[in-house]
Asker: 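Just dropping this structure here.
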Amino acid sequence: MSGTPPQARPRGEMRRRILRLAGEWLQTRGYHGFSFGQLAEALEVGSSAIHYHFPAKADLATALFRQYREDLVWWCQQMSASPLEASEQIERFLDLEARHLDDQRVCPLGVAAVEYASLPAGACAEAEGLRDDLLEWLAATLDAGRRAGTLEFPGPARDQARVVMAAAQGGLQLARLHGRGDFAAVRRALLANLAGSSV
């Protein structure tokens with residue numbers, strides 16, 4: 001903690017601190033695994049400071065998934081503007097997913113998939129947008145790779161994009177049960193299939 005009293009800190013900074021901690025807890029404890037009171041205690045502020053920025057927990061959850069979506073859109077734009085080949089961009093995506101294992105967190109889409117039925121409507125809408133944004137980027141990247149002759153796969157690119165998403169999610173789940181070697185195996189097999197070679 002800095003020496004500046006919480007009430008004197010810029011409002012934007014407090015909002016960022018709330019989102020940062022809430023995001024960590026959402027991905028480690030789940031949506032129902034923490035309360036505003038716990039956030040306030042951990043941040044050493046009154047509950048009113050949390051409610052000032054997010055009147056209800058539904059507002060906080062929606063803001064978190066909106067931030068995840070904005071972060072992903074920015075990342076996809078960086079990848080699309082890079083000189084990396086499509087296959088390398090797919091590798092970077094899988095590396096990005098693997099970071100959740102390093103941080104011992106569930107990825108945002110994993111959280112949304114498990115808790116979808118009990119998430120607020122706004123959070124569900126943003127999570128659906130997150131999924132759609134990733135699907136579009138993967139499909140475009142896969143299509144570009146196939147046209148360039150560096151990737152091979154049957155059927156529409158959007159179908160293959162769903163395969164990549166499902167493999168990444170499944171690999172993360174397996175790794176949490178048995179170790180990150182399972183994710184590495186899924187990653188290796190997926191990339192080999194896309195390259196038209198054996199593992």
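Both backbone and side-chain heavy atoms feed into the values below; hydrogens, waters and symmetry mates do not.
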Asker: Does some side-chain heavy atom of D102 sit less than 4.5 Å from a side-chain heavy atom of R180?
Answerer: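 Yes, at least one pair of side-chain atoms sits under 4.5 Å.
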Asker: Return yes if some donor-acceptor pair links the side-chain N/O of R146 with the main-chain N/O of P154 below 3.5 Å, else return no.
Answerer: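 Absent.
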Asker: Closest approach of Q89 and S82, non-hydrogen atoms and distance?
Answerer: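 Smallest heavy-atom distance, with atoms named: NE2-OG, 4.1 Å.
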Asker: Side-chain heavy atoms nearer than 4.5 Å, only ILVMFWY residues, links allowed to pass through others: does that put L177 and V186 together?
Answerer: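 L177 does not cluster with V186.
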Asker: Membership question, hydrophobic clusters at under 4.5 Å side-chain separation (ILVMFWY): are M14 and L64 in the same one?
Answerer: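 Linked within one cluster.
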Asker: Check whether any side-chain heavy atom of M79 lies under 4.5 Å from a side-chain heavy atom of L84, and answer yes or no.
Answerer: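 In contact.
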Asker: Strictly distance-based, threshold 3.5 Å: is any side-chain N or O of D182 a donor or acceptor partner for the main-chain N or O of G179?
Answerer: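 Checking the backbone N and O of G179 against the side chain of D182, no donor-acceptor pair under 3.5 Å is found.
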Asker: For residues C107 and Q27, report the shortest heavy-atom separation together with the two atoms involved.
Answerer: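 Taking every non-hydrogen atom into account, CA-NE2, 4.0 Å.
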Asker: If you round to the nearest 0.5 Å, how far is NE2 of H100 from CG of L172?
Answerer: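 Answer rounded to 0.5 Å: 7.0 Å.
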Asker: Is it true that a side-chain atom of T150 and a backbone atom of G145 form a donor plus acceptor pair closer than 3.5 Å?
Answerer: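 Yes, because the side chain of T150 sits within donor-acceptor range (under 3.5 Å) of the backbone of G145.
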Asker: Please lay out, stage by stage, how R131 and M165 fare under the test side-chain contact (heavy atoms from CB on, under 4.5 Å).
Answerer: CA-CA 9 Å; R131 176 259 186 194; M165 291 170 68; 3.8 Å; yes
Asker: Would you compute the distance between atom CD of Q160 and atom CG of N193 and round it to the nearest 0.5 angstrom?
Answerer: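 Reported value, rounded in 0.5 Å steps: 8.0 Å.
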Asker: Is there a side-chain contact (heavy atoms from CB on, under 4.5 Å) between F34 and K57? Walk through the geometry before answering.
Answerer: CA-CA 10 Å; F34 64 94; K57 194 174 180 183; 4.0 Å; yes
Asker: Quick check: closest heavy atoms across A168 and F183, and the distance to 0.1 Å?
Answerer: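 Closest heavy-atom pair between A168 and F183: O-CE1, 3.7 Å.
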Asker: Got a sec: does the CD of E136 have more than 12 other heavy atoms crowding it under 6.0 Å?
Answerer: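 Yes, CD of E136 has more than 12 neighbouring heavy atoms, counting only those of other groups under 6.0 Å.
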Asker: Between F65 and Y116, is there shared hydrophobic-cluster membership here, with clusters defined by ILVMFWY side-chain heavy atoms closer than 4.5 Å?
Answerer: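 Different hydrophobic clusters.
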Asker: Output, in order, the C-alpha distance, side-chain angles, deciding distance and verdict of salt bridge (charged side-chain N to carboxylate O under 4.0 Å, His left out) for D95 and R99.
Answerer: CA-CA 7 Å; D95 292 342; R99 291 180 190 176; over 6 Å; no
Asker: Atom CZ in R162, atom CG in L142: separation rounded to 0.5 Å?
Answerer: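 Going from CZ on R162 over to CG on L142, the span is 12.0 Å.
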Asker: For Y31 and S118, work out which heavy atoms get closest and say how close.
Answerer: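 Shortest heavy-atom contact: CE2-O, 4.1 Å.
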Asker: Distance from R92 atom CZ to C76 atom SG, nearest 0.5 Å?
Answerer: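 That separation rounds to 14.5 Å.
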Asker: Go through Y68 and E126 one step at a time and tell me if the side-chain contact (heavy atoms from CB on, under 4.5 Å) criterion holds.
Answerer: CA-CA 9 Å; Y68 292 139; E126 291 295 338; over 6 Å; no
Asker: Taking C-beta and beyond as the side chain, do F93 and T141 meet within less than 4.5 Å on heavy atoms?
Answerer: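 No, too far: nothing below the 4.5 Å cut-off.
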Asker: Give the ring-plane orientation class for W75 versus W137, where under 30° counts as parallel, over 60° as perpendicular and anything between as tilted.
Answerer: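 Perpendicular, since the angle between the ring planes exceeds 60°.
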Asker: Is there a path of hydrophobic side-chain contacts, each under 4.5 Å between heavy atoms of I/L/V/M/F/W/Y residues, joining V114 to V106?
Answerer: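 Each belongs to a different hydrophobic cluster.
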Asker: Output the distance between atom CG (L119) and atom NE2 (H32), rounded to the nearest 0.5 Å.
Answerer: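 Answer rounded to 0.5 Å: 6.5 Å.
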Asker: With the 4.5 Å side-chain cut-off for hydrophobic clustering, are L101 and L174 part of the same group?
Answerer: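 Result: no, two separate clusters.
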Asker: To the nearest 0.5 Å, what is the distance between CZ (R17) and CD1 (I50)?
Answerer: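 Spacing of CZ (R17) from CD1 (I50) equals 8.5 Å.
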Asker: Does the pair D159 and F153 meet the rule for a side-chain contact (heavy atoms from CB on, under 4.5 Å), with working shown?
Answerer: CA-CA 10 Å; D159 288 353; F153 54 88; over 6 Å; no
Asker: Determine the minimum heavy-atom distance between L151 and S87, stating which atoms define it.
Answerer: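 Residues L151 and S87, closest heavy atoms: CD2-CB, 3.7 Å.
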Asker: With a 4.5 Å limit on heavy-atom distance, are the side chains of R15 and F54 in contact?
Answerer: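 Yes; the side chains approach each other to less than 4.5 Å.
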Asker: Which pair of heavy atoms, one from A112 and one from A127, lies closest together, and at what distance?
Answerer: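 Reported closest heavy-atom pair: CB-CB, 3.6 Å.
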Asker: Is the shortest heavy-atom distance from the side chain of L60 to the side chain of L19 under 4.5 Å?
Answerer: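 Yes, their side chains come closer than 4.5 Å.
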